[in-house]
Amino acid sequence: MTATTDRRPATVAAVLCWSAVLLDGYDLVVLGTVIPVLLRDKVWGITPAGATAVATAGLAGMAIGALAIGTLTDYFGRRRVLILSVSLFSVFMLACAAATSIGMLGAFRFLAGLGLGGCLPTAITLATEFSRRGRAAGATTLVMTGYHVGAILTAVLGLLVMGRGGHGWPWMFLIGGVPGLIVAPLMFRYLPESAAFTAAPAKNPVGALFAGRMARPTVAFWLTSFFGLILVYGLNTWLPNLMIVAGYPLEQGLGLLLTLNLGAIGGLLVAGRVADRTGVRPATLGWFGLAAVFLALLSVKLPAAPLYAAVFVTGAFVFSAQALVYAYVGLIYDTGNRATGLGWTAGVGRIGAIVGPIIIGALLTADSGYPWGFYVFALVAALGLAFAALVGPVNRVEAAAPRP
């Protein structure tokens with residue numbers, strides 16, 4: 001009975017963190033479902049370049065939010081910062097539904113991004129600090145399944161709301177904003193603060209990222225996350241359009257987006273177990289390598305059944321690789337700068353999230369999106385593997401890190 005009672009705060013924290021990450025995942029895919037409709041209907045005269053600008057505005061907000069809010073989390077606590085992040089995101093997601101111009105939509109996406117940027121590093125920090133010893137990677141990947149459940153919900157809603165010539169794109173933002181206004185009060189009432197945070201207050205958490213011999217793993221994490229998020233955001237933003245260019249209908253493009261994220265959930269559940277048993281470093285390297293192989297395979301036009309299978313397996317490796325980077329970060333840094341480490345890894349990585357959609361958008365504008373988009377993605381996964389290898393084994397890096 002005592003053990004069950006002791007684990008109850010951890011369970012509550014895991015559920016609420018998973019919910020916050022689900023909202024982040026919904027946002028990940030919402031533009032991928034809305035953009036084809038905006039372009040098709042020429043809403044506000046939007047062009048592929050204009051759609052790319054809107055996506056970039058949101059990602060810029062996320063980058064700034066991750067850098068700033070991740071650091072604030074180590075000063076002011078995980079609980080308060082996560083509640084603030086969810087509330088900020090939800091209000092401006094709702095505002096997107098009321099946008100009356102491309103500029104207004106971009107501005108609201110930027111402001112929503114500030115809140116979203118803080119959700120992921122804070123939620124993963126809580127998951128890591130509430131996890132059982134030796135289960136941190138599994139706890140991180142389990143919370144990250146919420147990311148892809150949210151993405152799947154977006155794809156399904158996209159099919160229901162906008163399939164068969166539908167025009168209800170504002171509903172996609174309304175549906176995404178309302179749940180956060182429910183989750184935030186629940187967090188205020190039930191979310192516990194991390195005991196690890198209360199026992200180890202932050203002391204210059206940004207400087208600690210480079211103290212001792214931590215500079216190399218810190219920069220390597222940033223670059224790995226940069227390439228990982230090129231894949232995550234590039235695929236989720238443009239996969240439907242890439243498949244349309246390849247000759248598939250809009251409904252099948254959205255179906256493949258759903259399949260991609262179903263694969264991500266399966267991959268995350270497996271990746272966490274593998275990382276906890278074999279070590280997070282070899283798991284991360286293996287997942288990036290296999291992601292490169294399957295991304296290259298998607299450059300070949302396939303019949304329906306093999307195509308869905310290939311997209312499923314690609315999702316299993318691409319998205320789990322990035323989640324394993326976060327698990328790796330959570331094990332390297334101390335409590336006093338863990339959220340800062342995650343925030344800066346995610347924040348610098350968000351530059352990749354900006355670059356990915358821009359690269360694929362440029363290829364589509366030049367009528368070269370297929371198959372060249374997948375060649376680029378495969379190269380990016382290989383670069384992610386190379387930089388992840390530079391971090392070094394967890395035990396060696398931990399030994400080099402200064403302790404409070």
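Sequential numbering from 1 along the given sequence is applied to the chain's residues.
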J.: For the residue pair Gly115 and Leu88, what are the closest heavy atoms and their distance?
T.: N-CD2, 3.5 Å
J.: Any side-chain heavy atom of Thr141 sitting closer than 4.5 Å to one from Arg273?
T.: no
J.: Mind checking whether Leu235 and Phe374 have side chains closer than 4.5 Å, heavy atoms only?
T.: yes
J.: Fit a plane to each ring of Phe92 and Phe108, take the angle between them on a 0 to 90° scale, and name the class: parallel (under 30°), tilted (30 to 60°) or perpendicular (over 60°).
T.: tilted
J.: Has the side chain of Ser131 got a donor or acceptor atom that lies under 3.5 Å from a matching backbone atom of Ala139?
T.: no
J.: Can you see which heavy atom on Ala382 is nearest to which on Ala292, and at what distance?
T.: N-CB, 4.1 Å
J.: For the atom pair CG (Leu105) and CG (Leu31), what is the distance rounded to the nearest 0.5 Å?
T.: 7.0 Å
J.: On the 0 to 90° scale, with breaks at 30° and 60°, tag the His148-Phe319 ring pair as parallel, tilted or perpendicular.
T.: tilted
J.: Heavy atoms, side chains only, cut-off 4.5 Å: are Tyr233 and Met62 in contact?
T.: yes
J.: Which atoms form the tightest heavy-atom contact between Arg78 and Ala339, and what is the distance?
T.: NH1-CB, 4.0 Å
J.: Check Arg281 against Ala389 and note the closest heavy-atom contact, atom names and distance.
T.: NH2-O, 2.8 Å
J.: Treating Arg350 as the side-chain partner and Ala60 as the backbone partner, does any N or O pair qualify as donor plus acceptor under 3.5 Å?
T.: no
J.: Ignoring hydrogens and geometry, is there a side-chain-to-backbone donor-acceptor pair from Tyr147 to Ala323 under 3.5 Å?
T.: no
J.: Look at the side chain of Ser320 and the backbone N and O of Phe317, then say whether any donor-acceptor pair between them is shorter than 3.5 Å.
T.: no
J.: For Trp44, does the CH2 atom have more than 12 heavy-atom neighbours from other residues, nucleotides or ligands under 6.0 Å away?
T.: yes
J.: Which distance, rounded to the nearest 0.5 Å, do you find between the CG of Leu116 and the CG of Asp24?
T.: 5.0 Å
J.: State, with a plain yes or no, whether a side-chain heavy atom of Val178 is found less than 4.5 Å away from one of Leu174.
T.: no
J.: Taking all heavy atoms of Trp287 and all of Ala321, pick out the closest pair and write down the distance.
T.: CD1-N, 3.8 Å
J.: Please check: side-chain N/O of Ser225 versus main-chain N/O of Thr345, any donor-acceptor pairing under 3.5 Å?
T.: yes
J.: Show your reasoning for whether side chain to side chain contact (heavy atoms under 4.5 Å, CB included) applies to Val300 and Leu302.
T.: CA-CA 6 Å; Val300 179; Leu302 300 169; 4.1 Å; yes
J.: Start with the C-alpha distance between Phe227 and Ile230, add both sets of side-chain angles, then the distance that settles side chain to side chain contact (heavy atoms under 4.5 Å, CB included), and finish with yes or no.
T.: CA-CA 5 Å; Phe227 290 113; Ile230 285 179; 4.2 Å; yes
J.: Indicate yes or no: does Arg80 engage Glu193 in a salt bridge with an N to O separation below 4.0 Å.
T.: no
J.: Scan Leu120, Thr122, Val149 and name whichever one has a side-chain contact (heavy atoms from CB on, under 4.5 Å) with Val21.
T.: Leu120
J.: Examine the side chains of Thr218 and Trp344 and answer whether a donor and an acceptor come within less than 3.5 Å of each other.
T.: no
J.: Hey, could you give me the SG/CD1 distance between Cys119 and Ile69, rounded to the nearest 0.5 Å?
T.: 8.0 Å
J.: Heavy-atom distance under 4.5 Å between the side chains of Phe288 and Val318, does that happen here?
T.: no
J.: At their closest point, which heavy atom of Ala296 faces which heavy atom of Ser299, and how far apart are they?
T.: O-OG, 2.6 Å
J.: Which label fits Phe221 and Tyr328: parallel for a plane angle under 30°, tilted from 30 to 60°, or perpendicular past 60°?
T.: perpendicular
J.: For Phe188, is the NZ or CZ atom of Arg79 found under 6.0 angstrom from the centre of its six-membered ring and inside 45 degrees of the ring axis?
T.: yes
J.: Just wondering, do Ile332 and Met214 contact through their side chains at under 4.5 Å, heavy atoms?
T.: yes
J.: In Å, rounded to the nearest 0.5 Å, how long is the span from CD1 of Ile64 to CZ of Phe110?
T.: 4.0 Å
J.: To the nearest 0.5 Å, tell me how far Thr125 OG1 sits from Leu342 CG.
T.: 4.5 Å
J.: Could you check if a side-chain atom of Leu231 sits within less than 4.5 angstrom of a side-chain atom of Leu295, using non-hydrogen atoms only?
T.: yes
J.: Show your working on side chain to side chain contact (heavy atoms under 4.5 Å, CB included) between Cys17 and Leu82 and close with a plain yes or no.
T.: CA-CA 9 Å; Cys17 288; Leu82 187 58; 4.2 Å; yes
J.: Can Trp222 and Phe210 be said to form a ring-ring contact (aromatic ring centres under 6.0 Å, His included), step by step?
T.: CA-CA 13 Å; Trp222 292 358; Phe210 300 93; 5.7 Å; yes
J.: Apply side chain to side chain contact (heavy atoms under 4.5 Å, CB included) to residues Arg109 and Leu59 and explain how you reach the verdict.
T.: CA-CA 8 Å; Arg109 291 292 300 163; Leu59 294 168; over 6 Å; no
J.: Looking at side-chain heavy atoms only, is the closest gap between Phe377 and Leu242 below 4.5 Å?
T.: yes
J.: How long is the straight-line distance from CE of Met144 back to CD of Gln322, given to the nearest 0.5 Å?
T.: 7.0 Å
J.: Using side-chain contact (heavy atoms from CB on, under 4.5 Å) as the criterion, point out the one residue from Asp334, Thr335, Asp74 that pairs with Pro205.
T.: Asp74
